[in-house]
**Q** 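Let me begin by handing over the structure; questions about it come next.
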Amino acid sequence: MAATQVKPCLVMVLIFLLLVFASAVSKNRIKSLNKIKELNRRGPYIGLITVFSTEEDTFFATASFRPDPKHPFIDLSGRRFRIGKVHGRKVIYVRCGIGMINAAAATQQMLDLFDMKGIIHFGIAGNINNSMSIGDVTIPKQVTHTGIWDWVNTDGTVDSADVALLDFGNYNVPKGNGTNLLGHIGYSKEQFFSESGEPNIAESLVWAKISPHWLQLASNLEGMKLKQCVNSSLCLPEKPKIVVGLSASTANIFVDNAAYRDFLFKKFEVSSADMESAAVVMTSLSNGFPVIVIRGLSYLAGKQQGENAVRKFGSLAALNTAKAVLGFIDNLPGHAC
């Protein structure tokens, strides 16, 4: 009898605790939204979006970010949006997290809630182009999503509208020996919705183009001196450089495979591979905001001999990226957006 009475009591206690928790969450959100209203009266802001802690720590270590004295940050949906200035320009910074879903969600939230002028997305990436080197910084003119696949059986046929075909049988060793049951992958186009298009009608898209006026501003960064050494005993063999106007690929795949690296370069002519850029670019363009991508090359995406170089040179690539970002912000005129 006592046990029967205890069960309803426990249920009531749990319901009460859930209501208290929900009320606290709701109050915190209202408080945050009120802060955002106040901040937006002082906008607009440049958005800075990076991915993981190495990039974030390196960027803040430059000491260029000056936090807002009243509202230095706002926590939303588990992310910390930092408000401040870089070289006198009003900015909002967020670390989105790894992968395209995180990147798109953080970008959309920033654009929805804050008064923004545009988005600078930056971080490190894999090097797909043999004419580029670790430590170089690429500012691409366009980005493609290489993770939308039609994966069919060996005797299957991919969609004729697909933009590329990966046949696993071509990679059998020895070549042509037997049948590879992984079959074929066809690379599909992205569906792109935008404010400038018809509502609920998507445009087929292969390349998401970086905003031309921002890309033109970025061309002024070519020739900037970048860091060559991690420390006195670990240096790159060549001086790193900034290259503007190449192409980049994005997918929820960490590319560390030489054969796939070569495939991406031959089929798409991309120079870098990462896991977020296309999501940030498409989300920004979809909402009608200018956007640019700045990525430092930190490893050879599988072409290396031995250990992946990101462990040695990731921080150096992140620092060179941060330098390029700061240089770009410096170049932004008041009316640039």
Side-chain angles (χ1 to χ4, degrees), residues 46-67 73 78-84 86-87 91-107 109-110 118-128 132-140 143 210 218 221 224 226-230 236 240 242-243 248-256 271-281 283-284 291-301 308-329:
I46 296 291
L48 305 177
I49 300 178
T50 190
V51 179
F52 71 110
S53 55
T54 299
E55 299 159 346
E56 178 173 87
D57 294 344
T58 304
F59 175 71
F60 286 116
T62 65
S64 299
F65 180 87
R66 305 291 184 209
F73 62 85
R79 292 187 179 88
R80 177 155 290 184
F81 290 79
R82 300 176 188 269
I83 296 90
V86 172
H87 295 179
V91 301
I92 296 177
Y93 166 93
V94 70
R95 170 164 52 93
C96 65
I98 293 170
M100 297 186 71
I101 293 174
N102 277 325
T107 306
Q109 190 169 33
M110 181 179 275
I119 301 292
I120 302 171
H121 173 54
F122 64 100
I124 59 177
N127 177 14
I128 305 296
M132 301 284 284
S133 302
I134 290 174
D136 289 349
V137 174
T138 175
I139 305 178
V143 185
I210 300 301
L221 300 176
M224 172 187 280
L226 300 176
K227 196 170 176 63
Q228 189 173 354
C229 295
V230 176
L236 296 167
I242 294 176
V243 180
S249 68
T250 298
N252 281 323
I253 302 165
F254 180 79
V255 180
D256 195 17
S271 293
S272 61
D274 66 66
M275 299 171 66
E276 298 81 23
S277 293
V280 176
V281 172
T283 304
S284 300
V291 62
I292 197 163
V293 172
I294 302 175
R295 288 274 185 166
L297 303 181
S298 60
Y299 71 105
L300 296 178
N308 192 311
V310 71
R311 293 174 180 84
K312 287 184 179 179
F313 294 109
S315 59
L316 177 65
L319 179 56
N320 285 341
T321 305
K323 288 188 70 170
V325 169
L326 296 175
F328 181 76
I329 293 172

**Q** Mind checking what makes side chain to side chain contact (heavy atoms under 4.5 Å, CB included) contact with Ile101, not counting sequence neighbours?
**A** none
**Q** Are Ile124 and Thr54 close enough that some pair of their side-chain heavy atoms sits under 4.5 Å apart?
**A** no
**Q** My understanding is that only residues two or more places apart in sequence, or in another chain, count here; which of them pass side chain to side chain donor-acceptor pair (under 3.5 Å) with Asp136?
**A** Lys241
**Q** Sequence neighbours excluded, which residues qualify as ring-ring contact (aromatic ring centres under 6.0 Å, His included) partners of Phe52?
**A**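 Applying ring-ring contact (aromatic ring centres under 6.0 Å, His included) to Phe52 gives none.
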**Q** What I'd like to find out is whether the side chain of Val137 reaches to under 4.5 Å of the side chain of Pro240, using heavy atoms alone.
**A**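 With C-beta onward as the side chain, the pair stays apart.
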**Q** I'd like to check the side chain to side chain contact (heavy atoms under 4.5 Å, CB included) partners of Ala103; sequence neighbours left out, ordered by chain and number.
**A** Cys96, Glu276, Ala279, Val280
**Q** Quick check: closest heavy atoms across Pro140 and Ile210, and the distance to 0.1 Å?
**A** O-CG1, 3.0 Å
**Q** Who passes salt bridge (Lys or Arg N to Asp or Glu O under 4.0 Å) against Arg66, sequence neighbours left out?
**A**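 With sequence neighbours excluded, Arg66 shows a salt bridge (Lys or Arg N to Asp or Glu O under 4.0 Å) to no residue whatsoever.
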**Q** Identify each donor-acceptor pair in which a side-chain atom of residues 314-329 lies under 3.5 Å from a protein atom, sequence neighbours left out, and give them as a table.
**A**
| unit_1 | atom_1 | unit_2 | atom_2 | d |
| --- | --- | --- | --- | --- |
| Asn320 | OD1 | Lys227 | N | 2.8 |
| Asn320 | ND2 | Gly135 | O | 3.1 |
| Asn320 | ND2 | Lys227 | O | 3.1 |
| Thr321 | OG1 | Gly123 | O | 3.4 |
| Thr321 | OG1 | Gly296 | N | 2.9 |
| Thr321 | OG1 | Ala317 | O | 2.7 |
| Lys323 | NZ | Lys225 | O | 2.9 |

**Q** Could you give the distance from CD1 (Ile139) to CD1 (Ile242), rounded to the nearest 0.5 Å?
**A** 5.5 Å
**Q** Hey, what do you get for CG (Asp274) to CG (Asn252), rounding to the nearest 0.5 Å?
**A**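 If I round to the nearest 0.5 Å, the distance is 10.5 Å.
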**Q** Compare all side-chain heavy atoms of Met100 with those of Thr250 and state whether any distance is below 4.5 angstrom.
**A**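 Contact flag for Met100/Thr250 side chains = yes.
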**Q** Can you name the residues that form a side chain to side chain contact (heavy atoms under 4.5 Å, CB included) with Met275, not counting sequence neighbours?
**A** Ile98, Phe254
**Q** Which residues pass the side chain to side chain contact (heavy atoms under 4.5 Å, CB included) test with Ser271, not counting sequence neighbours?
**A** Asn129, Leu246
**Q** Could you tell me if the side chain of Thr283 sits less than 4.5 Å from the side chain of Met110, heavy atoms only?
**A** no
**Q** I need the Phe313 CZ to Leu236 CG distance, nearest 0.5 Å.
**A**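 Between atom CZ of Phe313 and atom CG of Leu236 there are 5.0 Å.
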**Q** Return the set of residues passing side chain to side chain donor-acceptor pair (under 3.5 Å) with Asn102 (not counting sequence neighbours), or none when no residue passes.
**A** Arg79
**Q** With sequence neighbours left out, write down each residue that passes side chain to side chain donor-acceptor pair (under 3.5 Å) with Glu56, or none if nothing qualifies.
**A** Tyr93, Arg95
**Q** Let me confirm one number: the CD1-CG distance from Ile134 to Asn127, rounded to the nearest 0.5 Å.
**A**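 CG of Asn127 is found 7.0 Å from CD1 of Ile134.
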**Q** What are the two closest non-hydrogen atoms of Ala273 and Val255, and how far apart are they?
**A** CB-CG2, 4.2 Å
**Q** Can you tell me how far OG of Ser284 sits from NE2 of His121, rounded to the nearest 0.5 angstrom?
**A**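 Nearest 0.5 Å value for the NE2-OG distance: 9.5 Å.
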**Q** Could you tell me which non-hydrogen atom of Glu55 sits nearest to which non-hydrogen atom of Phe122, and how far apart they are?
**A**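 Smallest interatomic distance, heavy atoms only, reads OE1-O, 4.3 Å.
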**Q** Quick check: do His87 and Ser64 have side-chain heavy atoms less than 4.5 Å from each other?
**A** yes
**Q** In this structure, which one of Ile92, Val94, Ile120 forms a side chain to side chain contact (heavy atoms under 4.5 Å, CB included) with Leu48?
**A**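 So the option named by the test is Ile120.
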**Q** To the closest 0.5 Å, what do you measure between CD1 (Ile119) and CD1 (Ile49)?
**A** 4.5 Å
**Q** Mind checking what makes side chain to side chain donor-acceptor pair (under 3.5 Å) contact with Thr58, not counting sequence neighbours?
**A** none
